[in-house]
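By convention in this document, chain letters (A, B, ...) are assigned in the order of the sequence lines, proteins followed by strands, and residues within each chain are numbered from 1.
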Amino acid sequence: EAGVTQFPSHSVIEKGQTVTLRCDPISGHDNLYWYRRVMGKEIKFLLHFVKESKQDESGMPNNRFLAERTGGTYSTLKVQPAELEDSGVYFCASSPRGFTQYFGPGTRLTVL
Amino acid sequence: GNSVTQMEGPVTLSEEAFLTINCTYTATGYPSLFWYVQYPGEGLQLLLKATKADDKGSNKGFEATYRKETTSFHLEKGSVQVSDSAVYFCALSSASGGYQKVTFGTGTKLQVIP
């Protein structure tokens with residue numbers, strides 16, 4: 001069974017540009033989560049989808065971040081425009097209802 | 001709200017040394033507790049978990065016991081190897097509306113030298 005996959009693995013962009021991160025969850029997992037780890041800090045929750053609906057987006061830092069999960073399969077997280085403080089590693093996780101979350105390899109975002 | 005506190009790193013040990021990484025938590029209700037590991041260049045992997053008080057999670061020689069009385073979940077390994085070098089994250093999850101919300105600690109980097 002394929003695990004959670006994320007693309008790209010690493011993205012380097014300049015301040016003010018737009019970046020879109022993608023997450024493909026494990027097939028059949030209705031729950032999809034986004035997290036972020038800023039350098040040296042804890043991994044923080046961003047938001048949670050149940051199928052295509054946003055269940056909880058309390059961790060989204062501001063309106064420059066937009067997450068979608070069309071059709072309840074893969075998800076994208078767009079940052080527009082990117083700022084220096086957005087640099088970090090963005091993790092995606094998926095789970096069946098109420099079970100342990102399985103994490104992807106992460107996307108390392110560097111904003112110059 | 002929920003929080004996890006784990007010891008600051010980096011931790012540097014010689015091969016075959018004993019490892020302890022301390023983790024304490026604050027949570028309402030009865031959370032599940034986890035240790036995740038991130039090896040260099042890889043993603044987060046679940047190392048072990050415990051879902052109720054006094055449970056012991058174990059995997060790859062690592063162990064952690066869910067201590068409700070001290071709100072702790074310390075990670076231990078009797079004899080570390082170079083291949084154990086990684087960042088270790090303590091985490092808890094609590095049920096909210098039928099799903100699990102995970103709260104992480106800051107991570108502890110472990111370096112094992114030959």
Whether Lys56(B) and Glu63(B) form a salt bridge (side-chain N of Lys/Arg under 4.0 Å from carboxylate O of Asp/Glu) is what I want to check. yes
When you check the gap from the basic side-chain N to the acidic O, do Lys68(B) and Asp54(B) get nearer than 4.0 Å?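 So Lys68(B) does not pair with Asp54(B) through a salt bridge.
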Please work out which of the three classes, parallel, tilted or perpendicular, describes the rings of Tyr33(A) and His48(A), given edges at 30° and 60°.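 Rings of His48(A) and Tyr33(A): parallel, as their planes differ by under 30°.
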Parallel, tilted or perpendicular for Trp35(B) and Phe73(B), by the 30°/60° rule?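 The arrangement is parallel - the two ring planes meet at less than 30°.
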What part of [X] gets closer than 4.5 Å to chain A, counting heavy atoms only: side chain, backbone, both or neither?
{"X": "Lys49(B)", "answer": "side chain"}
{"X": "Gln6(B)", "answer": "neither"}
{"X": "Leu46(B)", "answer": "side chain"}

Of the listed Lys44(A), Gln6(A), Lys41(A), Arg37(A), the one with the largest count of heavy-atom pairs under 4.5 Å with chain B is Arg37(A)
Determine whether Asp56(A) and Lys54(A) satisfy the following criterion, salt bridge (charged side-chain N to carboxylate O under 4.0 Å, His left out), listing intermediate values before the conclusion. CA-CA 6 Å; Asp56(A) 181 353; Lys54(A) 290 177 186 174; over 6 Å; no
Tell me, side chain or backbone of Thr5(A) under 4.5 Å from chain B's heavy atoms, or both, or neither? neither
